[in-house]
Every structure is written in structure tokens, then in C-alpha cells.
There are 2 protein chains.
Amino acid sequence: MKNSIRKERKKEIISGLYELSQSEGLENVSIAKIGKHLGMPPSLVMHYFPNKRLLILGLIDHILHQYQLIYKPIISKMENQPRINPELLVDRLFSRDWNLLFDDGVFFSCYAFIFRDASIKREYKNLHVKLRMTLKTLLDKDEVLMNGDTGLLAERIFVVIEGAYYYLSMMDDPKTYDEKLKIFKDQVYELIYSEINRLEQPARSG
Amino acid sequence: MKNSIRKERKKEIISGLYELSQSEGLENVSIAKIGKHLGMPPSLVMHYFPNKRLLILGLIDHILHQYQLIYKPIISKMENQPRINPELLVDRLFSRDWNLLFDDGVFFSCYAFIFRDASIKREYKNLHVKLRMTLKTLLDKDEVLMNGDTGLLAERIFVVIEGAYYYLSMMDDPKTYDEKLKIFKDQVYELIYSEINRLEQPARSG
DNA sequence: TTATTTATTGAATATTCATTCAATATTAAA
DNA sequence: TTTAATATTGAATGAATATTCAATAAATAA
């Protein structure tokens with residue numbers, strides 16, 4: 001019981017930091033503002049996070065955890081099927097449902113820390129490697145794709161997803177956004193289909 | 001003459017801001033620090049940039065300008081040739097020579113502003129669209145590729161480049177870095193070669 | 001119950017922040 | 001040379017910053 005109030009408070013504080021980062025920008029959030037936002041004195045914030053760096057680390061933990069949740073529904077929907085459905089897979093990979101899970105601005109503000117904090121860089125890297133492994137595990141269940149290099153395919157798919165995430169964040173006009181989105185989805189389709197074709201046909205000289 | 005000292009001073013200040021952002025992080029730079037770094041009173045900094053937002057805008061202008069310079073050498077090397085050399089092109093597109101031109105940490109710190117500042121978003125978008133048009137122009141000079149959709153090809157190439165830039169920034173180990181880099185370079189080769197193959201062969205049903 | 005640990009408060013700290021202002025120095029235009 | 005515009009200085013502002021501390025309240029353990 002003693003410990004649970006501590007955990008809850010820490011969560012509450014990180015949520016407050018997150019909300020303020022979303023509306024005002026991470027660089028404009030202070031401990032006093034967090035306290036005011038949550039109705040507690042700044043000294044209580046510092047009781048749980050003795051310095052600002054720990055606060056930032058807590059926020060990054062939270063965001064990376066949310067990020068990871070994005071792909072949970074894909075996995076549960078696809079596992080236990082002998083063949084993957086490329087349309088469905090790509091649809092889910094590019095879905096922006098996760099916009100409900102976390103804010104892109106906060107995500108990239110935190111991302112910028114990887115260049116000056118080695119442990120943050122490691123955390124971000126672990127997440128991205130883990131996501132690739134998740135996709136690889138999914139591809140490994142397909143009875144055709146499993147005969148190829150699913151790790152390589154997962155890398156190639158994710159680099160498009162991440163490039164698209166970065167690039168599409170700049171698009172304001174929904175029409176342009178959809179046009180570009182279609183391009184990148186098709187690009188991933190082709191990665192999958194050409195791998196399937198390659199594996200289904202007998203080896204050729206090249 | 002009167003105007004040139006103004007322009008030089010503004011450049012000097014932006015450079016100072018850039019250097020400090022590189023070493024301390026953009027969020028930790030203040031007007032006083034810039035002044036100290038350059039040996040001038042903070043009031044002089046504010047004489048040229050009346051508020052902090054204008055300072056940030058100046059920094060972003062500077063970075064986007066540098067970013068654009070990355071691809072200058074590619075263009076000059078490749079234009080006036082009837083066929084593009086895919087190896088050479090991909091090598092240049094993925095070269096990290098630009099690390100001399102600007103700092104990735106500062107770049108992403110500034111990028112994070114697009115989510116809360118519409119005019120910054122527009123600037124970033126314009127840059128990225130322009131880079132794609134530059135590549136398209138290059139592809140259009142190739143006597144085979146010119147018969148296909150070079151705009152689409154440019155989009156597909158750049159999304160890989162940008163995804164790779166984002167993802168590879170997390171890699172510390174040079175060996176891992178090179179392995180991943182090779183994957184993404186090959187991915188772009190294949191985009192180019194499969195487009196060339198498609199265009200060189202007679203139309204098929206499908 | 002008492003003792004001990006944890007949670008919470010509010011006041012206080014020195015430092016840094018962006019910004020303003022009046023005064024002076026320098027330069028260009030007349 | 002005089003005038004006007006700009007460049008530069010240094011001091012001053014109040015607000016906000018992260019952090020500290022002692023005191024109190026609440027919860028748990030003895």
C-alpha cells in the first residue's frame with residue numbers, strides 16, 4: 001500500500017508533464033508548472049523526481065511504453081493464421097490510431113535527447129529493435145515468408161514506416177497526406193509481394 | 001555597408017546559437033549565454049533578434065539552408081550524363097558528409113517545433129519537397145528512367161533515406177551501423193533497378 | 001499506544017531568464 | 001561639418017527557474 005501511492009503519484013506527475021509538453025512544448029515546462037497543473041507544490045514533484053533529468057527520463061519511459069502498444073492489436077489480430085494478409089498488415093502498420101496514444105511533438109522532442117544522452121539513445125534503440133523483432137516474429141508465421149530472410153524484410157518495411165512517419169508529419173493538407181500515404185503503403189506491399197513471388201518461384205540464375 | 005554589418009552580426013549570432021545548441025542542447029541555450037559565448041552584451045543580441053522566437057527561426061533557416069547544401073555535390077557530379085550511375089547516386093545520397101554541415105541533435109530539436117509552429121512546419125515541408133524535386137530532375141535526365149514516373153521513384157527513394165537517417169541515428173556500434181546501412185542502400189538499389197527493368201521490358205499483362 | 005517511515009506543505013534560496021532603457025560610440029548621409 | 005541613423009554598451013528589471021529545508025500530516029510497524 002505504501003508503495004502504490006508512490007507509484008501512482010509518479011505516474012500522475014509524468015502524465016502532467018506529458019500534458020503540458022503537448023500543449024506548451026517540452027522546453028517550456030517547469031517543475032513549478034507541473035505542480036500548478038496538478039495542484040501540488042513543486043517540492044512534492046521533486047520529492048518523487050529529485051531532479052529534472054529523472055523527470056525527463058520518466059517521460060521518455062512513458063512515451064516509449066505507449067509507442068510499443070501501437071503494435072499490440074496487429075499481433076493479436078494476425079497470430080494463429082497460416083498466411084499473413086498483406087493488405088491488413090500494411091493497413092495496421094500505417095494506421096494512425098496511435099495518435100490517441102501519444103503526441104508526435106512530445107515524441108520528437110524526446111527523440112532529440114538521444115544525441116546528447118547515451119542512455120536515452122539506448123532506450124530508443126531498444127524499442128525500435130524490439131518492434132522489428134515483433135514484426136519478424138509475425139512474418140515467421142507465414143508459411144511462405146518463413147523460408148526467406150524475415151529479419152531483412154522487417155528492416156526494410158520498418159525503414160519505410162519510419163521515414164513515412166517523419167515525412168508525413170509535415171503534411172497539413174489531408175488530400176496530400178493521403179496521396180503520399182498511399183505511395184508508402186504501396187511501397188511496402190511491393191516489398192512483401194516481391195518477396196513472396198521470389199520464394200514461390202524456383203531459383204533462377206542471376 | 002550599413003546593411004552588411006547587420007547581416008554579418010545576425011549570422012554571427014545564429015552561428016553562436018548553433019554552436020551552443022550543439023554542445024549544450026537547444027533547450028539550455030539562453031540569450032545571455034549566446035552573448036557571453038560571442039563576447040557581446042545580451043542587449044546586442046536582442047537588438048538584432050528582438051525576441052527568442054525570431055532567434056529560433058533564424059537557427060532553423062540556417063539549418064535548412066545547410067541541409068539543402070548536402071545534395072549540391074550530387075547534382076553537379078551527375079548532371080550532363082545520359083545515364084545515372086545507381087551505385088554512385090546511392091552512395092552520395094547515403095553519404096554522411098553532411099555531418100560536417102550540421103548537427104543531427106540540433107536538427108531534430110528544431111524539427112520538433114513543426115508540431116507547434118505552422119510556419120516552421122511549412123519551412124521544413126518546403127525543404128523536403130524541394131529535395132525530392134531535385135532528385136526527380138536528376139532522374140529525368142536518365143534516358144530510361146525518364147519514361148517512368150520519376151516523381152514517384154524520388155518519393156520512394158527519399159522515404160528510405162529519411163527512415164534510415166532517423167533509425168541509424170540510434171546506432172552506436174559502427175559495425176551494426178554499417179550492416180544496417182548496407183540494407184537500406186540495397187533497398188534503394190532495388191527500387192532503381194526494378195524500375196529500369198520494368199521500363200526496358202515490353203509491357204506485360206498483369 | 002508509541003515509534004517510525006513516508007507524504008505533503010509552504011516558505012526561502014540563489015541563480016538565471018528574457019527583456020527594457022538610457023547613454024555612448026560609430027558610421028553614413030546631408 | 002552637421003545631422004541622422006545605426007551599433008554597442010552596461011546597468012536594471014521583475015518574473016521564473018531548479019532546488020533546499022524545516023515543519024506538519026498521514027499512514028504503517030512495533
Side-chain angles (χ1 to χ4, degrees), chain A residues 1-61 106 109-110 112-113 116-117 119-120, chain B residues 1-62 106 109-110 112-113 116-117 120:
Chain A
M1 294 291 139
K2 200 173 11 179
N3 220 24
S4 82
I5 194 172
R6 185 177 172 84
K7 279 192 177 173
E8 263 187 51
R9 268 283 195 247
K10 291 187 84 171
K11 259 192 202 171
E12 188 190 356
I13 291 168
I14 294 299
S15 294
L17 168 56
Y18 170 79
E19 286 156 19
L20 288 176
S21 301
Q22 198 170 6
S23 54
E24 304 191 20
L26 179 57
E27 72 280 9
N28 297 318
V29 179
S30 70
I31 289 165
K33 281 180 188 171
I34 298 171
K36 195 173 190 178
H37 180 66
L38 297 172
M40 60 176 74
S43 48
L44 189 56
V45 176
M46 296 216 64
H47 174 67
Y48 292 105
F49 297 92
N51 61 60
K52 209 185 179 183
R53 183 168 178 273
L54 292 175
L55 214 41
I56 301 276
L57 290 180
L59 178 64
I60 288 174
D61 258 2
V106 182
S109 290
C110 291
F113 280 105
R116 274 173 308 111
D117 192 308
S119 78
I120 293 176
Chain B
M1 295 289 138
K2 200 174 11 178
N3 222 25
S4 81
I5 194 171
R6 185 179 173 82
K7 279 193 178 173
E8 264 187 49
R9 267 283 195 246
K10 292 186 83 172
K11 260 192 202 172
E12 188 191 356
I13 291 168
I14 294 298
S15 294
L17 168 57
Y18 170 79
E19 286 155 19
L20 288 176
S21 302
Q22 200 169 6
S23 53
E24 304 192 19
L26 178 57
E27 73 279 10
N28 297 318
V29 178
S30 70
I31 288 164
K33 282 180 187 171
I34 298 172
K36 194 173 191 179
H37 181 67
L38 297 172
M40 61 175 71
S43 48
L44 189 55
V45 176
M46 296 215 62
H47 175 68
Y48 291 105
F49 296 92
N51 62 59
K52 210 186 176 183
R53 184 169 179 272
L54 292 175
L55 213 42
I56 300 277
L57 289 180
L59 177 64
I60 289 174
D61 257 3
H62 172 252
V106 182
S109 289
C110 291
F113 280 106
R116 274 172 309 110
D117 191 311
I120 293 177

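All chains are named by letter (A, B, ...) in the order of the sequence lines, taking the proteins before the strands, and each is independently numbered beginning at 1. Please read these numbers as outputs of a predicted model, since none were measured by experiment.
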[X] [atom1] to [N] [atom2], straight-line distance once rounded to whole Å:
X: B:Asn28; N: C:dC17; atom1: CG; atom2: C1'; result: 13 Å
X: A:Ile13; N: C:dA7; atom1: CD1; atom2: P; result: 11 Å
X: A:Arg6; N: C:dT8; atom1: CZ; atom2: P; result: 11 Å
X: B:Ile34; N: C:dT19; atom1: CD1; atom2: C1'; result: 14 Å
X: B:Leu44; N: C:dT24; atom1: CG; atom2: P; result: 18 Å
X: A:Glu27; N: D:dA16; atom1: CD; atom2: P; result: 17 Å
X: B:Arg9; N: D:dT9; atom1: CZ; atom2: C1'; result: 12 Å
X: A:Lys36; N: D:dT17; atom1: NZ; atom2: C1'; result: 15 Å

Non-hydrogen atoms of [X] and [Y] that approach each other most closely:
X: B:Lys10; Y: B:Tyr48; result: CE-O, 3.9 Å
X: A:Lys52; Y: A:Val29; result: NZ-O, 3.3 Å
X: B:Gly16; Y: B:Leu38; result: CA-CD2, 4.1 Å
X: B:Leu17; Y: B:Leu55; result: CD2-O, 3.6 Å

Practice prompt. Using only side-chain N and O atoms of A:Ser30, determine if any of them is under 4.0 Å from OP1 or OP2 of D:dA18.
Written response: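 A:Ser30 to D:dA18 OP1/OP2: side-chain N or O found under 4.0 Å.
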Discussion item. Under a 4.0 Å threshold between the charged nitrogen and the carboxylate oxygen, would A:Arg9 count as salt-bridged to A:Glu12?
Written reply: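 Yes, A:Glu12 and A:Arg9 are salt-bridged.
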Discussion item. Working note: A:Ile56 + A:Ile60, criterion side chain to side chain contact (heavy atoms under 4.5 Å, CB included); need CA distance, chi angles, decisive distance, verdict.
Written reply: CA-CA 6 Å; A:Ile56 301 276; A:Ile60 288 174; 4.0 Å; yes
From the set [options], return the single nucleotide nearest to any side-chain atom of [X].
X: A:Ile5; options: C:dA7, C:dT9, D:dA7; answer: C:dA7
X: A:Ser43; options: D:dC21, C:dC21, C:dT19; answer: D:dC21
X: B:Pro41; options: D:dG10, D:dT19, C:dA18; answer: D:dG10

Discussion item. So does A:Glu24 get a backbone contact from the side chain of A:Asn28, meaning a donor-acceptor N/O pair under 3.5 Å?
Written reply: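 It does hold such a pair.
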Discussion item. Can you pull out the residues from residues 45-53 of chain B that lie within a 4.0 Å heavy-atom distance of DNA chain C?
Written reply: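 Contacting residues: B:Met46, B:Asn51, B:Lys52.
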